[in-house]
Structures are given as C-alpha cells and as structure tokens.
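Note on naming: letters A, B, ... go to the chains in the order of the sequence lines (proteins, then strands), and numbering restarts at 1 for each one. Remember, predicted model here, so these are calculated numbers, not experimental data. Side chains are part of it too, since the values below use all heavy atoms of this structure and drop only hydrogens, waters and symmetry mates.
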Amino acid sequence: MDTPHIDHLTSQDYDHVYEPAEDSFLLLDALEADLEFIENELKPVVCLEIGPGSGIIITAIAKRLQNTICMACDINPYACRVTKRTCLRNETHVECVRGSLTDAFKPNAIDLLIFNPPYVVTADNELETSDKFGECTSGNLVHSWAGGKHGRRIIDILLPQLDHILSAKGVFYLLLLRENKPDEIMEQLRQLGFQSKKFMERRIPGEFLYILKVQRLDS
Amino acid sequence: MKLSTYNFLTSKAIKGVKVGYPLKLTIAKKDVVETEFNPTFIERLLPKLDWNTVYLAAQTVDLADDIPQEQPAAVADNEELLQRLHHLLLEIDVLEGQLECPETGRVFPITDGIPNMLLNEDEV
C-alpha cells in the first residue's frame with residue numbers, strides 16, 4: 001500500500017486538521033499488514049473512515065482497493081475538504097460527508113470501518129473551555145484529539161452503536177492509547193457481541209499505541 | 001456526492017424521526033466522471049442498495065427510462081443494465097444541491113460535492 005502524497009497540505013491546513021503523525025502511520029501499517037485478509041477474505045464493498053482529518057488513511061485505502069466504495073465522515077468541514085484534496089492529489093476518489101460519527105449512514109452497511117479517535121486524556125470540559133480561551137485550539141482541531149476522561153468520550157459513544165454500523169461480516173480497526181484501557185474496551189466489546197484482538201502495537205515517545213481489530217463473535 | 005453514496009444516507013438521527021429514508025434529493029449542479037466499468041462489482045454492490053432509492057436517483061437525473069422500477073430477479077446476465085447502473089451510481093457526481101428529510105423537511109445542503117449531514121445539538 002503506497003503512503004499517499006501529502007505535499008499539497010500546508011501549515012495553514014494543519015491549523016484546522018490533524019497532521020499525520022505516528023498514530024496515523026501505525027494505522028496505515030496495520031491495514032497494510034492485514035491486506036491479505038482485507039483483499040482476499042473481507043472483500044469490502046463499502047469502507048468508511050470516521051474522522052479522516054488530512055485524509056491520508058482513507059486515501060491510501062481508496063488507492064489500493066479499487067473495487068470498494070470508500071467514504072469518509074468528519075464533523076469538521078475543513079477535514080472533509082482537505083480529504084477531497086488529498087484524494088485528488090493522489091488520483092483517487094473518496095466520498096466525503098460532514099457528520100457526527102456514523103449517524104448519517106443507514107444501518108449495517110459498512111464492511112470495513114476505520115477510526116483513529118480523539119484519544120488523548122483531557123478534562124471533560126476541554127472542548128468547552130478551549131473553544132472559549134485557547135488560541136491554538138479555537139477552531140476544529142481540538143475535536144481531533146481531546147478524548148475526555150481516559151480519552152474515551154467518543155470511543156464510548158461509538159462502541160454500543162457498532163452492532164448497527166457493521167455489516168454481517170464487517171471489520172473495525174480502532175486505534176487506542178494505553179490510557180484508553182484497551183483490555184477494558186475488549187471486554188466491553190465481547191459483551192456487545194464482538195471479538196477483538198490487539199492486532200498491532202507500538203511504543204512512541206510518550207505514548208503506547210494499539211490497533212484493535214474487531215469482528216462479530218459469530219463471524 | 002455519487003448517487004451510490006446517496007443510497008447510504010439517512011436522517012434517522014433527528015429526534016423523533018422514525019425511518020428518515022430515502023432522503024429527497026435535489027440537484028443544482030452535477031458532473032459526470034468516467035470510471036472503469038466492473039460488472040462484478042456492481043453485482044456485489046446491489047445487495048447493499050435499496051432499489052427504490054436507486055430508482056429515485058435515476059428519476060432525479062432523468063434516467064428513469066434506463067432503470068426498471070422493480071428490481072429484476074437476476075442482473076448478472078444483463079450487462080446492459082449493469083452498465084447503466086454503473087453510470088448512474090458511480091459516474092454521476094452531485095456537486096451542489098440538497099437532501100431533505102422525508103419526515104421533518106430538514107434540509108441538508110450539498111456544497112462542493114460534500115453533503116452536510118451534521119445536526120444541531122437540539123435536533124438529536
């Protein structure tokens with residue numbers, strides 16, 4: 001899987017969307033390592049990335065999986081536009097939708113779901129206070145990283161919806177930080193009817209990251 | 001927004017909305033982008049789609065004569081129909097327009113090909 005060109009993005013863009021970093025590259029590496037499964041077993045008809053930011057991940061997927069409808073949904077309008085630009089730069093196509101998580105999509109349609117969530121542990125009121133006071137976070141960017149208590153604010157909203165999001169054979173790749181308590185999340189997933197495993201993990205300065213691979217228990 | 005994507009969008013997240021599907025599509029500006037025809041992929045895509053909404057999309061772009069109102073039992077051998085579906089679902093790109101919730105009339109604008117489905121806090 002080729003790493004997409006991102007030389008069209010400027011520092012002004014990174015004032016509004018998350019700049020690809022170690023976490024993005026871990027997610028790319030995990031997807032690449034699982035391509036054999038994705039291409040030959042899963043054969044996704046529909047792929048959705050939640051919160052594409054710069055669009056680097058969904059663009060890489062779209063470029064590789066020619067026979068998959070690739071979609072991206074972001075709450076940040078700037079991210080939707082940047083993702084389109086990243087696709088153009090890399091001569092591929094992703095359908096971009098502005099919305100919250102998967103609220104805008106009809107149920108049980110997604111075969112391949114990807115999410116690098118806002119996972120940083122923050123005070124739960126970070127979003128409110130930063131919007132009022134924080135110069136550098138006064139736009140959309142804070143939503144890309146501020147995760148609330150245990151960094152789980154958004155993750156905990158999404159997980160109970162998973163049964164209605166994924167298709168029967170659907171697979172979900174989720175990036176987590178050790179502070180998000182991955183073992184607790186895996187147990188929660190089991191109770192929701194999903195099996196999960198730590199598909200890849202990586203220590204980076206100051207953080208320990210995981211990629212969870214999640215599938216239905218009966219799949 | 002391709003018309004295949006239109007088939008996946010709903011307004012069900014609005015408080016009080018029961019189905020929120022299909023949305024009413026109005027097109028102000030569209031483009032046609034030629035893409036490689038893969039009949040097998042169209043066949044695999046069809047079970048994911050709601051046929052009534054495929055037909056609605058065809059009506060919206062004046063291609064209703066190309067698409068049967070009822071889903072045919074088998075499409076595998078019907079290369080001509082698969083080609084038409086390919087054009088309708090994967091080549092027509094809506095740039096400007098709107099989607100409307102069938103139950104509440106809430107309008108979701110489509111700008112530069114991006115539908116804005118985000119709801120306000122008091123709507124969910």
Side-chain angles (χ1 to χ4, degrees), chain A residues 42-48 50-52 55 62 65-85 87-88 91-112 127-128 140 143 157 161 164-170, chain B residues 1-15 17 19-23 31 33-50 52-53 86 89-95 99 101-102 106 108-121 123-124:
Chain A
L42 182 62
K43 296 181 183 150
V45 173
V46 180
C47 170
L48 174 69
I50 304 170
L65 305 180
Q66 302 283 336
N67 290 312
T68 301
I69 291 184
C70 289
M71 305 193 286
C73 188
D74 207 302
I75 202 165
N76 172 357
Y78 207 102
C80 296
R81 293 194 292 270
V82 168
T83 295
K84 280 213 153 217
R85 281 167 51 207
C87 291
L88 275 178
E91 295 166 338
T92 186
H93 183 83
V94 170
E95 289 285 287
C96 296
V97 174
R98 185 180 181 203
S100 176
L101 298 176
T102 67
D103 285 2
F105 295 90
K106 71 182 184 187
N108 302 111
I110 311 301
D111 301 313
L112 174 56
L127 288 164
E128 293 137 48
N140 302 304
H143 293 280
I157 295 173
Q161 301 176 6
H164 300 285
I165 298 169
L166 292 180
S167 66
K169 59 172 187 178
Chain B
M1 182 194 74
K2 300 278 179 78
L3 293 178
S4 45
T5 300
Y6 165 60
N7 208 288
F8 289 102
L9 295 179
T10 146
S11 59
K12 69 173 169 18
I14 299 176
K15 189 167 51 185
V17 165
V19 184
Y21 189 89
L23 301 169
D31 203 358
V33 186
E34 218 170 286
T35 60
E36 198 180 328
F37 173 51
N38 179 339
T40 317
F41 178 64
I42 302 297
E43 269 184 72
R44 292 179 54 224
L45 174 62
L46 283 182
K48 293 263 187 197
L49 301 180
D50 174 71
N52 177 43
T53 308
H86 166 80
L89 298 168
L90 300 178
E91 294 194 318
I92 296 174
D93 198 9
V94 179
L95 300 177
L99 297 160
C101 170
R106 163 64 147 96
F108 302 94
I110 304 167
T111 313
D112 292 329
I114 301 168
N116 181 0
M117 304 301 295
L118 191 64
L119 297 166
N120 301 320
E121 266 173 46
E123 292 177 291
V124 294

*Starting at CG of A:Asn67, measure out to CG of B:Asn38 and round the result to the nearest 0.5 Å.*
4.5 Å
*Output the distance between atom CG (B:Leu119) and atom OG (A:Ser100), rounded to the nearest 0.5 Å.*
8.5 Å
*Taking side chain as C-beta onward, heavy atoms only, is A:Thr68 less than 4.5 Å from B:Phe41?*
no
*Non-hydrogen atoms of B:Lys2 and A:Glu95 that approach each other most closely*: N-OE1, 2.6 Å
*Which bit of B:Phe8 is near chain A, if near means a heavy-atom gap under 4.5 Å: side chain, backbone, both or neither?*
both
*For B:Met117 against A:Ala104, the heavy-atom pair lying closest together*: CB-CB, 3.5 Å
*Tell me, side chain or backbone of A:Lys84 under 4.5 Å from chain B's heavy atoms, or both, or neither?*
side chain
_Most contacts with chain A, counted as non-hydrogen pairs under 4.5 angstrom, among B:Asn7, B:Val33, B:Val124, B:Leu90_ = B:Asn7
*What are the two closest non-hydrogen atoms of B:Pro115 and A:Cys96, and how far apart are they?*
CD-O, 3.3 Å
*Supply the atom-to-atom distance B:Leu49 CG to A:Ile69 CD1, rounded to the nearest 0.5 angstrom.*
7.0 Å
*Any chance you could measure A:Arg81, atom CZ, to B:Ile114, atom CD1, to the nearest 0.5 Å?*
6.5 Å
*asked:* Working note: B:Arg44 + A:Lys43, criterion side-chain contact (heavy atoms from CB on, under 4.5 Å); need CA distance, chi angles, decisive distance, verdict.
replied: CA-CA 10 Å; B:Arg44 292 179 54 224; A:Lys43 296 181 183 150; 3.3 Å; yes
*Between B:Lys48 and A:Val46, is there a donor-acceptor pair closer than 3.5 Å when you use the side chain of the first and the backbone of the second?*
no
*Is there side-chain contact between B:Leu9 and A:Lys106, with heavy atoms separated by less than 4.5 Å?*
no
*asked:* Using 0.5 Å steps for rounding, measure from the OG1 atom of B:Thr10 to the CZ atom of A:Phe105.
replied: 10.5 Å
*Check whether B:Ser4 gets within reach of chain A through its side chain, its backbone, both or neither, counting any heavy atom under 4.5 Å.*
side chain
*Given a strict heavy-atom distance threshold of 4.5 Å, which part of B:Lys12 is in contact with chain A: side chain, backbone, both, or neither?*
side chain
*State the SG-CG distance between A:Cys80 and B:Asn116, to the nearest 0.5 angstrom.*
8.0 Å
*Heavy-atom distance under 4.5 Å to chain A: side chain of B:Ile14, backbone, both or neither?*
neither
